Peer 1: 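Input: one structure, supplied below.
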Amino acid sequence: ALAFALASIADADPADDARAAARVRDFARAASLWKGLAEAGDPEAQYQLGSLYRSGRGVPQDAAQAFRWWLASAQAGDARSQFCVAGLYRDGWGVERDRREALRWFRAAAEQGHVGAREKLAELEAAPPEIQREPTAPAPVALRPRSRPRAAPSSVPAAQREAESAAWLARAEGSED
């Protein structure tokens with residue numbers, strides 16, 4: 001029995017462990033596990049780690065780190081990350097605002113069937129380019145982009161805050177609401 005238990009531990013998949021940690025809301029452990037995999041070039045881990053940096057779960061909220069990890073995953077072809085990178089370029093969050101890059105990444109995700117990317121691509125293409133090119137200072141890290149609700153005050157129940165975060169992540173993953 002002990003040999004079986006040790007063999008099971010030795011065969012443990014870090015990605016499965018990270019998913020399990022996230023399910024039980026141990027985001028610091030999930031971040032630690034995803035980081036090792038992300039650094040090794042795993043696009044799923046890069047997406048997940050970017051999401052943690054975006055939300056500030058298990059790691060300090062950091063727009064530049066969210067962009068870094070999502071961009072790596074997007075370049076590897078992950079449609080969810082392409083959608084997220086496009087939104088960061090569109091909003092100027094963690095990266096300088098760039099309409100052309102936002103269109104490029106929304107288009108890449110849409111071509112893979114990402115529903116949210118198709119919708120955002122249509123919205124961005126319909127907006128007059130001059131509106132999109134207005135110079136703006138990059139948003140401070142503490143601000144949230146339009147695509148996600150602002151942080152709820154502590155008076156809002158945790159369950160409601162979690163539901164809002166889950167809805168944002170579902171949109172990022174291309175789920176239809």
Side-chain angles (χ1 to χ4, degrees), residues 15 18 22 27 30-31 34-152 161 164-177:
F27 296 114
W34 285 130
K35 187 168 187 179
L37 294 166
E39 289 172 344
D42 182 315
E44 172 67 17
Q46 292 165 340
Y47 167 76
Q48 295 295 343
L49 189 57
S51 297
L52 292 176
Y53 276 110
R54 168 67 179 78
S55 66
R57 290 181 176 173
V59 293
Q61 187 178 37
D62 187 327
Q65 286 296 314
F67 177 77
R68 170 190 174 203
W69 291 113
W70 279 340
L71 182 62
S73 180
Q75 290 170 334
D78 184 85
R80 297 166 304 171
S81 293
Q82 291 168 343
F83 175 80
C84 293
V85 166
L88 295 179
Y89 272 121
R90 181 199 59 211
D91 297 336
W93 198 76
V95 65
E96 190 170 327
R97 187 179 215 177
D98 188 326
R99 181 179 193 268
R100 209 171 283 148
E101 283 296 303
L103 285 167
R104 172 184 167 218
W105 288 109
F106 278 136
R107 198 169 285 117
E111 287 171 0
Q112 293 192 67
H114 192 288
V115 175
R118 279 187 244 148
E119 294 168 0
K120 295 298 181 185
L121 179 61
E123 288 173 18
L124 194 56
E125 288 177 332
E130 58 276 2
I131 291 174
Q132 297 298 326
R133 290 190 191 135
E134 287 180 8
T136 59
V141 172
L143 296 179
R144 307 249 191 221
R146 310 182 280 250
S147 64
R148 179 176 170 152
R150 294 184 192 268
R161 291 192 307 267
E164 290 170 357
S165 291
W168 183 85
L169 288 172
R171 284 193 302 277
E173 293 177 357
S175 301
E176 293 187 48
D177 292 339

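It should be emphasised that the depicted structure is a prediction, and the values quoted were computed from it without experimental measurement. All residue numbers in this chain count up from 1 along the given sequence.
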Peer 1: I need the Leu52 CG to Gln65 CD distance, nearest 0.5 Å.
Peer 2: 12.0 Å
Peer 1: Please say which of Ser73, Pro43, Ser51 ends up in a side-chain contact (heavy atoms from CB on, under 4.5 Å) with Ser81.
Peer 2: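 Single side-chain contact (heavy atoms from CB on, under 4.5 Å) partner of Ser81 among Ser73, Pro43, Ser51: Ser73.
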Peer 1: Using side-chain heavy atoms (C-beta onward) and a distance below 4.5 Å, is Arg80 in contact with Glu44?
Peer 2: yes
Peer 1: Can you list the residues that meet the ring-ring contact (aromatic ring centres under 6.0 Å, His included) rule with Phe67, with sequence neighbours excluded?
Peer 2: Tyr89
Peer 1: So do Arg107 and Glu125 actually touch side chain to side chain, heavy atoms under 4.5 Å?
Peer 2: yes
Peer 1: First locate atom CG of Leu103, then atom CG of Asp98, and finally report the distance between them rounded to the nearest 0.5 Å.
Peer 2: 9.0 Å
Peer 1: Using every non-hydrogen atom in the two residues, find where Phe27 and Ala22 come nearest and quote the distance to one decimal.
Peer 2: CE2-O, 3.8 Å
Peer 1: Show the nearest heavy-atom pair for residues Gly94 and Ala63, with the distance to one decimal.
Peer 2: CA-CB, 3.4 Å
Peer 1: On a heavy-atom basis, which atom in Tyr47 and which in Cys84 lie closest, and how many Å separate them?
Peer 2: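 Smallest interatomic distance, heavy atoms only, reads CE1-SG, 4.1 Å.
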Peer 1: Checking side-chain contact (heavy atoms from CB on, under 4.5 Å) for the pair Trp105/Leu71: CA distance, chi angles, key distance, verdict?
Peer 2: CA-CA 10 Å; Trp105 288 109; Leu71 182 62; 3.9 Å; yes
Peer 1: Looking at every heavy atom in both Leu124 and Ala102, which two are closest together, and how far apart are they?
Peer 2: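 Shortest heavy-atom contact: CD2-CB, 3.7 Å.
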Peer 1: Given 3.5 Å as the limit, does a donor-acceptor pair link the side chain of Arg97 with the main chain of Asp91, or not?
Peer 2: no
Peer 1: What's the separation between atom CZ in Arg68 and atom CG in Leu49, rounded to the nearest 0.5 Å?
Peer 2: 8.0 Å
Peer 1: Looking only at atom types and distance, does a side-chain atom of Gln48 sit under 3.5 Å from a main-chain N or O of Ala30, one as donor and one as acceptor?
Peer 2: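 Not at all, since once roles are kept as given, no pair shorter than 3.5 Å links the two residues.
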Peer 1: Before giving the answer on side-chain contact (heavy atoms from CB on, under 4.5 Å), spell out for Phe83 and Phe106 the whole-Å C-alpha distance, their side-chain angles and the decisive distance to 0.1 Å.
Peer 2: CA-CA 6 Å; Phe83 175 80; Phe106 278 136; 3.7 Å; yes
Peer 1: So, the side chain of Gln82 versus the backbone of Ala74: is there a donor-acceptor pair under 3.5 Å, distance only?
Peer 2: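 Pair found, side chain donor or acceptor close to backbone of Ala74.
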Peer 1: Check for a donor-acceptor pair, side chain of Arg57 on one end and backbone N or O of Ala31 on the other, with a separation under 3.5 Å.
Peer 2: no
Peer 1: If you draw the axis of the six-membered ring of Trp69, does the NZ or CZ of Arg54 fall within 45° of it and under 6.0 Å from the ring centre?
Peer 2: no
Peer 1: To check you understand the geometry: which heavy-atom pair defines the closest contact between Ala117 and Ala110, and what is its length?
Peer 2: CB-N, 3.6 Å
